Amino acid sequence: QVQLVESGGGLVQAGGSQRLACVASGRSLGTYAMGWFRQVPGKEREFVAAINWSGRRSDYSDSVKGRFTISRDNAENTVTLQMNSLKPADTAVYYCAARPGPVGIFAPVFTKENMYDYWGQGTQIAVSS
C-alpha cells in the first residue's frame, strides 16, 4: 500500500506562487507514475499535471501549461508541483495520485483520474484577486 500526504496549501494572492509537495510512505515511488489533480465544489476532479517514473516525461493541462511545473525526487519519495502566476481560477483542492509503472525509456504519463490507484487527502489552495 502507498500512502500519499499533500502539503503546501494555503491562501495566495493572484500572481503569486505556491509549491505543493506530495510525500509517499509505505513503498518507494521510484517505479510509480504520479499526477496532480484538482477539484472545486460541484465540479468533476480535473487533471493538472503528470510525470512518469523517471521524471523525464511530463504533461500539463492547457489551463496550467507554462505556469505550473511538476517534478519528483525519487530518493526523497516526493513529488512537487510548483505553481506560478496563480489565478483565482486555480482555487481548488489539489490531490496527489500514484500508480505503479510502467517503467522504461518511453514510459508514458497518465492524465485520466481512473488510471491512478492511490490518492492523497488533498490540500486546499485559495487564490485571492
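All values below come from the heavy atoms of this structure, side chains included, with hydrogens, waters and symmetry mates left out. Here the structure is a predicted model, which is why all the values come from computation and not from measurement. One is the number of the first residue; the rest follow in order along the sequence.
Note that CZ of Arg72 and OG of Ser58 are 11.0 Å apart. Values are rounded to the nearest 0.5 Å. Taken from CD in Glu6 to CD in Gln121, the straight-line distance is 7.5 Å, to the nearest 0.5 Å. Rounded to the nearest 0.5 Å, atoms OG (Ser85) and CZ (Arg67) are 7.0 Å apart.
Linking Ile, Leu, Val, Met, Phe, Trp and Tyr whenever their side-chain heavy atoms come within less than 4.5 Å puts Met34 and Tyr60 in one cluster. Residues Tyr95 and Met115 are members of one and the same hydrophobic cluster, defined by side-chain heavy-atom contacts under 4.5 angstrom among Ile, Leu, Val, Met, Phe, Trp and Tyr. Under a hydrophobic-cluster definition in which Ile, Leu, Val, Met, Phe, Trp and Tyr are linked whenever side-chain heavy atoms come within less than 4.5 Å, directly or via other members, Leu81 and Ile51 are assigned to the same cluster. In the hydrophobic clustering of this structure, Ile70 groups with Met83; members are Ile, Leu, Val, Met, Phe, Trp, Tyr whose side-chain heavy atoms approach within less than 4.5 Å, directly or through other members.
With sequence neighbours left out, the side-chain hydrogen bond (donor to acceptor under 3.5 Å, both in side chains) criterion links Gln82 to Asn84. Listed by chain and residue number, Asn52, Trp53 satisfy the side-chain contact (heavy atoms from CB on, under 4.5 Å) test with Ala107 (two or more places apart in sequence, or in another chain). Under the side-chain hydrogen bond (donor to acceptor under 3.5 Å, both in side chains) criterion, Asp117 pairs with no residue at all, not counting sequence neighbours. Legend: residues meeting ring pair (Phe, Tyr, Trp, His ring centres under 6.0 Å) with Phe68, ordered by chain and number and at least two apart, are absent. Every side-chain hydrogen bond (donor to acceptor under 3.5 Å, both in side chains) that Arg45 has, sequence neighbours left out, goes to Glu113. In this view, Thr80 and Ser71 satisfy the side-chain hydrogen bond (donor to acceptor under 3.5 Å, both in side chains) rule, not counting sequence neighbours. Looking at residues two or more places apart in sequence or on another chain, you find no ring pair (Phe, Tyr, Trp, His ring centres under 6.0 Å) involving Tyr32.
Among residues at least two apart or in separate chains, side chain to side chain donor-acceptor pair (under 3.5 Å) pairs with a member in residues 34-44 are Arg38-Glu46, Arg38-Ser63, Arg38-Asp90, Arg38-Tyr94. The disulfide bond (SG atoms under 2.5 Å apart) analysis of residues 93-129, with sequence neighbours excluded, yields the pairs Cys22-Cys96. Every pair passing ring pair (Phe, Tyr, Trp, His ring centres under 6.0 Å) that includes a residue from residues 100-129 is listed here, sequence neighbours excluded: Phe37-Tyr116, Phe37-Trp119. Within the structure, disulfide bond (SG atoms under 2.5 Å apart) pairs that include any residue of residues 98-129 do not occur (at least two apart or interchain). The list of disulfide bond (SG atoms under 2.5 Å apart) pairs with a residue in residues 37-70, not counting sequence neighbours, is empty.
Here the side chain of Arg19 pairs no donor or acceptor atom with the backbone of Ala21 at under 3.5 angstrom.
By the neighbour-count criterion of 12 heavy atoms within 6.0 Å, atom CD of Gln124 is densely surrounded, having more than that number from other residues, nucleotides or ligands.
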Given side chain to side chain contact (heavy atoms under 4.5 Å, CB included), test Val2 with Leu29 step by step and report yes or no.
CA-CA 9 Å; Val2 175; Leu29 287 183; 4.2 Å; yes
Is there a side chain to side chain contact (heavy atoms under 4.5 Å, CB included) between Thr91 and Val40? Walk through the geometry before answering.
CA-CA 7 Å; Thr91 295; Val40 297; 5.6 Å; no
Starting from the C-alpha separation in whole Å, work towards a yes-or-no answer on side chain to side chain contact (heavy atoms under 4.5 Å, CB included) for Leu20 and Ile125.
CA-CA 9 Å; Leu20 303 183; Ile125 286 289; 3.9 Å; yes
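Of all heavy-atom pairs spanning Ser129 and Ala14, the tightest one is CA-CB, 4.2 Å. Residue Val12 comes nearest to Ser17 through the heavy atom pair CG1-O, 3.9 Å, listed as atom of the first residue, atom of the second, then distance.
Between Ser28 and Asn77 the shortest side-chain heavy-atom distance falls below 4.5 Å. At least one side-chain heavy atom of Pro102 sits less than 4.5 Å from a side-chain heavy atom of Pro108.
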